[in-house]
Amino acid sequence: MPKIRLGVNIDHVATVRNARGEIYPSPLRAALLSEKYGADSVTIHLREDRRHINEFDLKEIQSKLKIPLNLEIAATNEMLKIALKQKPLFICIVPEKRKEVTTEGGLNLNYNKIFLKKMIKKLKKNGSRISLFIEPNLKDISTAKEINADCIEIHTGKICNLINKKKFYENEIKKIKKAVCFASSLGLEVHAGHGLTFKSAGIISKIKHISEFNIGHFLVGESIFIGLKNTIKKFKKII
Ligand code: PXP
């Protein structure tokens, strides 16, 4: 089976920095070290409230990183404008609610389908690969294809929760398998992300046709104990 690419999400390096209003730890340093230690891409989420990554981080990281930068953005005019200007190689469009602690679920594609279709068209013309962060459901996958996304990223939050709590996760994995198979049959590239740990990444990586994982919170947390280098190397080995 071809290797699954690892996208390292460094948002929470910025979370720690911002908690004290300091200039360290540096997200740029984390991005460049991730590249050095074998990450295939670096992911950052520029949120509307700039709670972790800010535009300076985005510009600085993009100007120095040699591997692809994957920019996560909400479907808004402000983010569209920034993404068109910055031209990151990869873009993942995600839902965003101000009060949520993290991205709680997948995009509601039918809610703003027309805007999303126009946004995807502009961003693709600008040279970016477009992914949509969605739940593993077949209707959303058909819509993602219809509005010309290149990839989908399946929200793995639910299954990761079940695995963490040692609960029955077989139904969820069946659902994900079916979704991955369907998306792949439509020619969409399939990614997965949210809540992944060494254990859940190992389980989900057995599903055929997933080509990229985006992992942040656990990876940054684990780096405190075993270092960024060892954490990335361990994830690369598992997937
Ligand atoms: N993929 C997407 C699209 C996300 O929005 C996030 C969280 O911001 C992740 C992956 C990473 O999730 P986690 O930080 O739980 O590993």
Same cluster or not: [X] versus [Y], using hydrophobic residues (I, L, V, M, F, W, Y) connected whenever any side-chain heavy atoms lie under 4.5 Å apart?
| X | Y | answer |
| --- | --- | --- |
| Tyr111 | Ile114 | no |
| Phe213 | Tyr37 | yes |
| Met79 | Phe90 | no |
| Val220 | Ile61 | yes |
| Ile210 | Ile215 | yes |

Problem - Test log, rule side chain to side chain contact (heavy atoms under 4.5 Å, CB included), inputs Asp57 and Leu28 - result: CA-CA 7 Å; Asp57 297 324; Leu28 173 66; over 6 Å; no

Beyond-backbone contact of [X] with [Y], side-chain heavy atoms, under 4.5 angstrom:
| X | Y | value |
| --- | --- | --- |
| Asn126 | Lys122 | no |
| Ile93 | Ile120 | yes |
| Phe235 | Val8 | no |
| Leu132 | Ile147 | yes |
| Leu69 | Leu58 | yes |
| Ile44 | Asn9 | no |
| Ile10 | Leu219 | no |
| Leu188 | Asp150 | no |

Handout entry: side chain to side chain contact (heavy atoms under 4.5 Å, CB included) evaluation trace for Lys206 with Ile173
Key = CA-CA 10 Å; Lys206 303 280 182 301; Ile173 206 139; over 6 Å; no

Does a sphere of radius 6.0 Å around [atom1] in [X] hold more than 12 heavy atoms from other residues, nucleotides or ligands, not counting ones at 6.0 Å or beyond?
| X | atom1 | result |
| --- | --- | --- |
| Arg50 | CZ | yes |
| Lys124 | NZ | yes |
| Tyr24 | OH | no |

So does [Y] get a backbone contact from the side chain of [X], meaning a donor-acceptor N/O pair under 3.5 Å?
| X | Y | result |
| --- | --- | --- |
| His155 | Gly157 | yes |
| Lys236 | Gly38 | yes |
| Asn214 | Gly193 | no |
| Glu48 | Glu96 | no |
| Gln62 | Lys87 | yes |
| Lys158 | Gly105 | no |
| Thr156 | His194 | yes |

Practice task
Let me see the working for Glu222 and Lys234 under side chain to side chain contact (heavy atoms under 4.5 Å, CB included), right down to the final yes or no.
Solution key: CA-CA 11 Å; Glu222 193 63 14; Lys234 196 162 166 185; 5.6 Å; no

Please report the shortest heavy-atom distance between [X] and [Y], naming the atom on each side.
| X | Y | value |
| --- | --- | --- |
| Asp40 | Ile67 | O-CB, 3.7 Å |
| Cys160 | Leu196 | SG-CD2, 3.7 Å |
| Phe56 | Asn54 | N-OD1, 3.0 Å |
| His52 | Asn18 | O-ND2, 2.9 Å |
| Gly106 | Glu135 | N-OE2, 2.7 Å |
| Ile154 | Pro136 | CG2-CB, 3.9 Å |

Which distance, rounded to the nearest 0.5 Å, do you find between the [atom1] of [X] and the [atom2] of [Y]?
| X | Y | atom1 | atom2 | answer |
| --- | --- | --- | --- | --- |
| Lys237 | Lys3 | NZ | NZ | 9.5 Å |
| Arg129 | Ser41 | CZ | OG | 7.0 Å |
| Ile91 | Ile73 | CD1 | CD1 | 5.0 Å |
| Lys233 | Asn230 | NZ | CG | 8.5 Å |
| Asn77 | Ile82 | CG | CD1 | 11.0 Å |
| Ile238 | Ser205 | CD1 | OG | 8.0 Å |

Problem - Worked verdict on Arg5 versus His191 for side chain to side chain contact (heavy atoms under 4.5 Å, CB included) - result: CA-CA 9 Å; Arg5 295 190 303 269; His191 309 158; 3.8 Å; yes

Practice task
Establish, from distance only, whether the side-chain atoms of Asn70 and Thr43 form a donor-acceptor pair under 3.5 Å.
Solution key: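 Yes, Thr43 and Asn70 have a side-chain donor paired with an acceptor closer than 3.5 Å.
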
Exercise for the section: Could you please spell out the steps behind the salt bridge (Lys or Arg N to Asp or Glu O under 4.0 Å) verdict for Asp49 and Arg47? Expected result: CA-CA 5 Å; Asp49 62 9; Arg47 277 187 169 263; 5.2 Å; no

Handout entry: Residue among Val180, Ile4, Val190 satisfying side-chain contact (heavy atoms from CB on, under 4.5 Å) with Ile207
Key =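 Among Val180, Ile4, Val190, the one that satisfies the side-chain contact (heavy atoms from CB on, under 4.5 Å) with Ile207 is Val180.
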
Practice task
Determine, for Lys175 against Glu172, whether the closest basic-nitrogen to carboxylate-oxygen distance falls under 4.0 angstrom.
Solution key: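 Yes, Lys175 and Glu172 are salt-bridged.
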
